[in-house]
Amino acid sequence: MTNLADLTAHELLGLISRKEVSPVDIVNSCINRIEMYESQVKAFLNIRDAETIINSIREDEPYSAIPIAIKDNMLVKGQPATCASKILSNFIAPYNATVIKKLIQNSFNIIGKTNLDEFAMGSSTENSAFYPTRNPWDLERVPGGSSGGSAASVAIGFSIWSLGSDTGGSIRQPASFCGVVGLKPTYGTVSRYGLVAFASSLDQIGPITKDVTDCALLYSFISGYDPNDSTSLNMPPYKFSPPKGDIKGLKIGLVKELMGEGVDPSVRACMDNSIKIFEDSGAIVEEVSLPHIEYSVPTYYILATAEASSNLARFDGVRYGLRANGKTAEEMMFNTRGEGFGPEVKRRIMLGTYVLSAGYYEAFYLKALKFRNLIADDFKKAFERFDVLISPTSPILPFKLGEKISNPLEMYLSDICTIPVNLAGIPAISIPCGFINNLPVGLQIMGPTFSESKLFEVSYGFEQATSFHKKRPQIGGS
Amino acid sequence: MLSIEEVIHIERLARLRLTDDEREMYRKQLNDVLNYAARLDEIDTTSVPPMYHVLPVSNVLREDIPQENLTQEEALSNAPSEDGGFFVIPPILGGEG
C-alpha cells in the first residue's frame with residue numbers, strides 16, 4: 001500500500017475532499033517517517049512535538065493536514081530561529097515572517113524548522129553549526145545546500161512540502177540533489193520580511209515540493225506585495241491554476257556556457273535525454289550563448305559577500321543572540337563575533353569587508369556591479385529569441401560529506417549554473433530529470449521576470465512525459 | 001598577495017576576533033578567491049553602468065502613520081542583558097580601543 005507520506009499535497013487534498021483519508025492519518029504518516037529516519041537524515045533543527053502537530057489539524061481546513069517544514073532562517077513567532085548558527089542558538093522569534101503569516105492564515109501545519117548551512121552560506125548543509133544533514137538517496141552524500149534540510153525533508157516524507165531560500169542556488173541545488181522540485185521566484189515577488197538577510201539584493205524565498213503542481217500551489221500562497229519589504233513589488237499575487245503542460249512550438253535555449261567541461265558526463269547524458277524529451281513533445285531546442293555568464297561566480301562572490309558583511313554587522317551581542325565576555329563593549333563585540341560565527345561565515349564576512357574597504361571598492365565591488373549588468377543583459381537578449389532557457393541545475397552529482405569542505409573555491413565553482421539567475425533577478429525552477437546510480441539529477445528551467453506561470457507549464461509538460469518525480473528514496477533497503 | 005597585516009586590518013574592520021591559525025587559513029583562501037576574481041579584469045567595463053538592483057523601484061516610503069509594532073517587552077525578550085527597559089552593555093570607554 002502507498003504510504004501517505006510519499007504522496008503530493010494535491011493528491012492528499014483530493015483524498016481529503018473525497019473523504020477517502022483522515023487528516024490525522026496523513027499527519028501521523030509524516031510523524032512516523034520522522035521517528036524512523038530523522039536520527040539518520042537530520043533534516044531538522046527543531047521539531048514540534050507530535051501532540052501539538054496533531055492538535056493543529058482543523059476539520060474544515062485541509063491545509064492543516066498537509067505538514068510543511070520551514071528553513072530555520074525564517075521567523076515563526078515563539079519558535080527558535082537559529083540560522084544554524086551558534087550566534088543565534090538561543091534566539092526565539094518575536095514575530096512572524098510575512099510568508100509564515102500567510103501560511104498560518106490558511107491554517108498550514110508547520111511541523112518543524114529545517115537545517116541549513118549557517119546563515120544560508122554554503123552548498124552542502126555541512127556548514128551548519130550543529131550537524132550536517134544527509135541525503136536520503138545516499139546517507140554518505142550531502143543533500144546540497146543551503147536549504148538541504150528542507151529538500152531532504154520533502155524527499156523522505158518528513159513533510160509533504162517545505163519552504164527554502166535561494167541567494168545563489170540554495171533552493172534549486174538541494175532540490176536537484178534530493179530529487180524534488182524547487183522554485184527560485186522572480187526577485188520581489190515573495191516578501192523577505194522575517195527572512196534573516198544574507199545578501200538582500202539576491203535573497204528570495206521559494207517552495208520545495210515533490211512535483212510541479214505542488215510547487216505552483218505553494219507559490220500561490222506565499223507570493224504577493226508586502227509593504228513591510230521595501231523591495232517587494234506592488235503587483236497581484238500569483239493565482240494558482242493547474243498547469244496543462246502544452247509545450248508544442250515552445251522555443252527553448254540550451255545555455256552553451258553551462259554545458260562546458262566542468263559538467264559531469266553523467267549529468268550531460270541526462271541533459272541530452274531531457275532535450276530529446278522536449279523535442280518529442282514538440283518543443284524546439286537550440287543552443288544559445290550568454291557570453292558573460294562565465295564571470296558569474298566571481299561577480300556573485302564579491303556582491304554576495306559584500307552584502308553579507310554589512311547585513312551580519314547586526315550580530316554584535318547587544319540586542320539579541322550570543323554575548324561573549326569583554327571588559328569593554330568593543331572587546332565584547334570582537335569576542336562575540338569570533339566565537340559565534342563559524343568558518344564559512346567568517347570567510348565571507350572577511351571577503352565582503354575587504355571588497356568594500358577603502359582602495360578596493362572600485363576594483364572589486366563596483367566592477368562586480370558592472371558585470372551584474374552585463375549578465376542581466378545577456379539574459380534579456382536571450383529571452384528575445386527564446387521562451388525559456390535550460391541548463392543542468394548542478395554540474396555535478398551529489399558529493400560525499402567532507403569531499404569539498406576544505407576547498408571553498410571549488411565549492412563556490414559548483415554554483416555556476418544557479419548563480420546567474422539570482423544576479424539577473426529572474427525566476428528558475430529545478431525539476432528531476434534523471435538518476436545516475438540511484439542519485440538524482442536536476443534540470444534547471446529559467447524564464448524572464450514574472451514568467452512563473454510559463455515555468456510551471458514547461459516543467460509540467462516535461463514531468464508528464466517522464467516519471468522521475470514519482471521515484472522516492474529508500475533508506476536501509478526498506 | 002594578501003599579507004597577514006592586511007588580514008588583521010580586515011579582521012578589525014569586521015569586528016572579528018581570529019586566532020593565528022584562522023588568519024593564516026583565511027589569508028590563503030581569500031587569496032585564492034581574489035586571484036580567481038581577477039578574471040573580471042579581462043573585459044573593459046569603463047562604459048558599463050553598475051547595476052545596484054534588479055528592480056526599477058527606489059526611495060520606497062510609507063505614509064507617516066504609526067503602526068502596530070513590537071512591545072518593549074517583546075523587543076527586549078532576546079536581550080543578553082537588560083535593565084529597566086534598556087539594553088545593558090559593558091563600558092564603551094577604557095579598553096584597548
Side-chain angles (χ1 to χ4, degrees), chain A residues 90-92 94-95 187-188 201 227 230-231 233 292 295 297-299 301-302 309 313 316-323 326-335 337-339 341 343 346-347 349-351 353-354 357 364 366-374 376 408-409 412 423-425 449, chain B residues 2 6-7 9-19 22 25-26 29-30 32-43 45-55 57 59-62 67 69-71 74-81 87-97:
Chain A
N90 58 4
F91 182 77
I92 304 293
Y95 64 93
Y187 185 83
S201 82
S230 62
T231 61
L233 276 173
H292 299 99
Y295 299 100
V297 173
T299 300
Y301 278 95
I302 290 168
S309 75
D316 56 7
V318 173
R319 290 150 301 156
Y320 42 75
L322 179 80
R323 174 183 293 186
K327 283 196 282 297
T328 64
E330 193 177 38
E331 197 182 298
M332 178 277 285
M333 289 175 192
F334 271 97
N335 292 340
R337 293 164 62 78
E339 286 174 30
F341 291 134
K346 285 183 192 166
R347 180 156 41 242
I349 291 175
M350 292 287 285
L351 183 59
T353 304
Y354 179 77
S357 66
F364 290 102
L366 194 67
K367 175 156 273 174
L369 289 173
K370 292 174 168 205
F371 271 89
R372 185 174 192 180
N373 207 352
L374 293 171
L409 182 59
Y412 298 169
L423 291 170
T449 42
Chain B
L2 225 57
E6 282 175 296
V7 172
H9 175 63
I10 305 166
E11 179 188 326
R12 287 196 57 80
L13 290 176
R15 300 290 187 276
L16 286 173
R17 175 88 66 223
L18 300 184
T19 63
E22 282 179 311
M25 177 181 76
Y26 289 135
Q29 290 174 342
L30 294 186
D32 285 349
V33 176
L34 292 169
N35 285 337
Y36 184 73
R39 297 191 60 205
L40 299 186
D41 294 332
E42 287 170 11
I43 290 182
T45 53
T46 324
S47 59
V48 180
M51 183 184 205
Y52 290 96
H53 225 274
V54 292
L55 296 179
V57 293
N59 295 334
V60 179
L61 302 172
R62 65 166 172 85
Q67 295 174 342
N69 226 315
L70 294 186
T71 63
E74 286 168 329
L76 288 163
S77 61
N78 281 289
S81 173
F87 295 105
V88 177
I89 56 166
I92 291 171
L93 301 173
E96 47 180 322

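Labels below follow one simple rule: chain letters A, B, ... track the order of the sequence lines, proteins then strands, and each chain is numbered from 1. Values reported hereafter were calculated over all heavy atoms of this structure, with side chains retained and with hydrogens, waters and symmetry mates removed.
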Using heavy-atom distances under 4.5 Å, tell me whether [X] contacts chain B through its side chain, its backbone, both, or neither.
X         : result
Met332(A) : side chain
Ala313(A) : neither
Pro227(A) : neither
Phe371(A) : side chain
Lys346(A) : both
Ser230(A) : both

Which bit of [X] comes within less than 4.5 Å of chain A, counting heavy atoms only: side chain, backbone, both or neither?
X        : value
Arg62(B) : neither
Tyr52(B) : both
Thr71(B) : neither
Leu55(B) : side chain

Atom pair CG (Asp316(A)) and CZ (Arg15(B)), whose distance is rounded to the nearest 0.5 Å =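 Output value for this atom pair is 10.5 Å.
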With a 4.5 Å cut-off on heavy-atom pairs, point out which of [options] contacts chain A the most.
options                                : answer
Thr19(B), Ile43(B), Val7(B)            : Ile43(B)
Val33(B), Leu18(B), Leu34(B)           : Leu34(B)
Asp41(B), Leu2(B), Leu40(B)            : Leu40(B)
Ala75(B), Ala38(B), Pro49(B), Ala37(B) : Pro49(B)
His9(B), Glu74(B), Gln29(B)            : Gln29(B)

task = Return yes if some donor-acceptor pair links the side-chain N/O of Asn373(A) with the main-chain N/O of Val48(B) below 3.5 Å, else return no.
result =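 Side chain of Asn373(A) to backbone of Val48(B), a donor-acceptor pair under 3.5 Å: no, none is there.
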So which atom in [X] and which in [Y] form the shortest heavy-atom distance, rounded to 0.1 Å?
X         : Y         : answer
Met333(A) : Val318(A) : CE-CG2, 3.9 Å
Gly321(A) : Pro80(B)  : O-CG, 3.7 Å
Ala376(A) : Ala424(A) : CA-CB, 4.0 Å

What I'd like to find out is whether the side chain of [X] reaches to under 4.5 Å of the side chain of [Y], using heavy atoms alone.
X         : Y         : answer
Pro343(A) : Tyr26(B)  : yes
Arg323(A) : Ser81(B)  : yes
His53(B)  : Thr231(A) : yes
Ser357(A) : Leu13(B)  : yes

Please identify, among [options], the residue contributing the most non-hydrogen atom pairs under 4.5 Å to chain B.
options                                    : answer
Leu374(A), Ile302(A), Leu423(A), Asn90(A)  : Leu374(A)
Thr449(A), Leu351(A), Thr299(A), Leu366(A) : Leu351(A)
Arg372(A), Lys370(A), Arg337(A)            : Lys370(A)
Pro408(A), Gly338(A), Ala329(A)            : Ala329(A)

inquiry  = Can you classify the ring geometry of Tyr320(A) versus Phe91(A) as parallel (below 30°), tilted (30 to 60°) or perpendicular (above 60°)?
reply    =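 Geometry flag for Phe91(A) against Tyr320(A): perpendicular rings.
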Step-by-step salt bridge (charged side-chain N to carboxylate O under 4.0 Å, His left out) determination, Arg17(B) to Glu11(B) = CA-CA 7 Å; Arg17(B) 175 88 66 223; Glu11(B) 179 188 326; 5.6 Å; no
inquiry  = Determine whether Val297(A) and Tyr36(B) satisfy the following criterion, side chain to side chain contact (heavy atoms under 4.5 Å, CB included), listing intermediate values before the conclusion.
reply    = CA-CA 9 Å; Val297(A) 173; Tyr36(B) 184 73; 4.0 Å; yes
